[in-house]
Amino acid sequence: MKPQRILWTMPYLPWPITSGGKARQYNLLKAMAQRGHEITLLVQSKTPADADVQAALAPWVKELIVLPRRSLKDPRTLWRAAFSPLPLLTTINGYAPALTRQFEALLKRQRWDVVQIEHSYGLQPFEAALRRHRQSFILVEHNVESELGAATYGKWPWWARPLARYDQWRARRWERHAMELASLVVAVTESDARKLSALTACRPHVVSNGADIQGYASVKPDGLSQRVLFVGNYEYAPNVDAVEWVMEAVWPRVWQLQPQARFVVCGHALPDAWRQRWTDPRVEWRGYVDHLPTVQSQSAVFLAPLRFGGGSKLKVLEALAASLPVVSTTEGLSGLGVQPGEQALVADNPEDMAQAVVKLLNAPERAAQMGQRARQYVTSHFDWQACARQLEGAYEALSEQPDKEPACA
């Protein structure tokens, strides 16, 4: 494919990589730049683009434009969250006049081969300008947001449940509106594509998540360490639920069978309350680590106890790429095509999960063989360059449209 001039928008900076979404964004930016595409990146961010961010993105982005996102406690955000017809996440990231003006200026400045909007909840600031300029655009959905939100509503206090149901209704309505406006929709998994196709007249393209195959090639898991690893961004409700479920329901069973087992919990925004709630020294609350292969090499097993979510799980792909034997729920492996018992063990209840973890801890040779099969599978199917080729396929489909009208309305 010939090089494209891409205007790419995101509602967060893709560096540092503190979440699966950021890992996807950074690695796709890098792969697309390596394939010759010229990228202007427009970001609304709650954190500034410091020198480290600039250095990380400079090799891959021709122009980086970062505008601040207003605080969650800003009165304008609170007002919109309560009274806007748009869902909560969209109001938090929307109604941003400075971002709208910057986007309009970029559309006027030159002709873009591709305009790519990440997340339907990030679309609102750009909608009017897209309509005025009759600009075609690709909308990338990392999850089915209305389903993801619905999964967290059970944790709301009883008095807030009516608001939760109202927000879910708003989310479904906005999702449909965004799909109808988009010229082309991209999903992360085939399962998500099927769900999103109910909102559009044609099936979304799939651009899978990937893994840094070379970056994890040096990892050699320590099968004798008795360490079981979990990694997540704890601003994301499914990861919070996963850790709390393990600590309450799974890990006591593991210790009954294997008292020496250790649980290592890493990731961004780790809640301080967990250290106070679970004080056993066999649980290591490490928080954010800037070099994941190091902690992977210290671990014997990766645990993915995710009970809800969407898309495919970058943390699981990275563990598989690092040849770590994985124990996961069915949800944790969604979208990956992994064969249970071949590249990972699958368990969906506490007893089975504890048994699977202990089985791998007590059979390091078997665990290592499973880890090697997992790495071979990920290498064959989930290299980021292959994901970039999928994205180029979406660009080609966009270029073949006869006019600027949405293709999937």
Side-chain angles (χ1 to χ4, degrees), residues 151-152 154-157 221-289 292 295-309 313 315-316 318-320 322 324-334 338 340-341 344-368 370-371 374:
T152 69
K155 294 181 175 294
W156 289 37
D222 184 352
L224 302 178
S225 69
Q226 295 292 303
R227 284 190 172 93
V228 178
L229 175 65
F230 179 77
V231 179
N233 173 10
Y234 304 107
E235 294 177 330
Y236 184 59
N239 291 330
V240 174
D241 174 81
V243 172
E244 293 181 346
W245 182 57
V246 165
M247 293 308 302
E248 292 171 358
V250 178
W251 217 252
R253 289 175 166 86
V254 171
W255 278 334
Q256 287 177 353
L257 300 168
Q258 190 83 349
Q260 305 95 330
R262 306 182 71 85
F263 189 35
V264 182
V265 185
C266 299
H268 173 70
L270 190 146
D272 289 334
W274 286 350
R275 292 186 174 93
Q276 300 167 11
R277 182 175 175 185
W278 292 291
T279 59
D280 193 297
R282 293 172 292 180
V283 181
E284 302 177 25
W285 303 107
R286 295 199 186 180
Y288 178 71
V289 292
L292 187 56
V295 72
Q296 289 173 327
S297 295
Q298 298 167 348
S299 304
V301 173
F302 186 88
L303 185 60
L306 294 144
R307 297 194 291 178
F308 58 90
K313 313 318 188 270
K315 63 176 75 64
V316 180
E318 290 167 347
L320 296 168
L324 261 171
V326 169
V327 175
S328 175
T329 57
T330 301
E331 175 61 37
L333 295 171
S334 64
V338 168
L345 297 184
V346 178
D348 288 309
N349 64 68
E351 185 63 38
D352 289 348
M353 183 163 286
Q355 293 278 356
V357 168
V358 171
K359 180 185 291 187
L360 291 178
L361 291 177
N362 287 335
E365 291 186 5
R366 178 190 174 193
M370 177 177 288

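Numbering starts at 1 and runs along the sequence shown.
When side chains are defined from C-beta on, Val357 counts as touching Leu303, because their heavy atoms get closer than 4.5 Å. At a threshold of 4.5 Å between non-hydrogen side-chain atoms, the residues Trp255 and Asp280 count as touching. Looking at heavy atoms from C-beta onward, Phe263 lies in side-chain contact with Val246 at the 4.5 angstrom threshold. Within the 4.5 Å cutoff, the side chain of Val301 has no heavy atoms near those of the Val326 side chain. When side chains are defined from C-beta on, Ser297 does not count as touching Asp222, because their heavy atoms never get closer than 4.5 Å. The shortest distance between side-chain heavy atoms of Val243 and Val265 falls below 4.5 Å. You'll find the side chain of Phe302 stays beyond 4.5 Å of the side chain of Val228, heavy atoms only. Within the 4.5 Å cutoff, side-chain heavy atoms of Leu324 are placed close to those of Gln296.
Without hydrogens or angle criteria, Thr279 side chain to Gln276 main chain gives no donor-acceptor distance under 3.5 Å. The main-chain N or O of Pro259 is found under 3.5 Å from a side-chain atom of Arg282 such that the two form a donor-acceptor pair. Judged purely by atom type and a 3.5 angstrom limit, Tyr234 uses its side chain to pair as donor or acceptor with the backbone of Cys266. Remark: the backbone N or O of Val346 is not paired with any side-chain donor or acceptor of Ser328 at under 3.5 angstrom.
The two atoms that bring Ala304 and Val316 nearest to each other are CB-CG2, 3.7 Å, heavy atoms only. Closest approach of Ser334 and Lys313 over heavy atoms only: OG-NZ, 2.8 Å. Residue Val254 comes nearest to Ala261 through the heavy atom pair CG1-CB, 3.8 Å, listed as atom of the first residue, atom of the second, then distance. Residue Pro325 comes nearest to Ala367 through the heavy atom pair CB-O, 3.6 Å, listed as atom of the first residue, atom of the second, then distance. The minimum heavy-atom distance between Pro305 and Met353, with the atom names listed, is CB-SD, 3.8 Å. The shortest non-hydrogen separation linking Ala249 to Pro350 is O-CB, 3.4 Å.
Remark: Leu270 CG to Arg275 CZ distance equals 5.0 Å, nearest 0.5 Å. Once rounded to the nearest 0.5 Å, the distance linking CD of Gln260 with CD of Gln226 reads 5.5 Å. Rounded to the nearest 0.5 Å, atoms OG (Ser299) and CD (Glu284) are 8.5 Å apart. In this structure, Trp245 CH2 and Thr329 OG1 are separated by 7.0 Å, a value rounded to the nearest 0.5 Å.
Using a cutoff of 4.0 Å between basic side-chain nitrogens and carboxylate oxygens, Glu331 and Arg307 are not scored as salt-bridged.
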Hey, mind stepping through Val264 and Arg286 against side chain to side chain contact (heavy atoms under 4.5 Å, CB included) and telling me if it holds? CA-CA 7 Å; Val264 182; Arg286 295 199 186 180; 3.6 Å; yes
Can you check side chain to side chain contact (heavy atoms under 4.5 Å, CB included) on Trp278 and Trp285, steps first, answer last? CA-CA 10 Å; Trp278 292 291; Trp285 303 107; 3.8 Å; yes
Evaluate side chain to side chain contact (heavy atoms under 4.5 Å, CB included) for Gln258 paired with Asn362, printing each intermediate quantity in order. CA-CA 9 Å; Gln258 190 83 349; Asn362 287 335; 2.9 Å; yes
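Side chains of Lys315 and Asn239: a donor-acceptor N/O pair is present below 3.5 angstrom, by distance only. Side-chain atoms of Trp274 and Glu244 include a donor-acceptor pair closer than 3.5 Å. For the residue pair Thr330 / Asp348, a side-chain donor-acceptor distance below 3.5 Å is found, with atom types taken as modelled.
For the salt bridge (charged side-chain N to carboxylate O under 4.0 Å, His left out) test, residues two or more places apart in sequence or in another chain that qualify with Arg277 are Glu248.
A 6.0 Å sphere centred on CD of Glu365 holds no more than 12 heavy atoms belonging to other residues, nucleotides or ligands.
In this pair, Tyr288 and His268 present their aromatic rings perpendicular. The plane angle is above 60°, beyond the 30 to 60° band.
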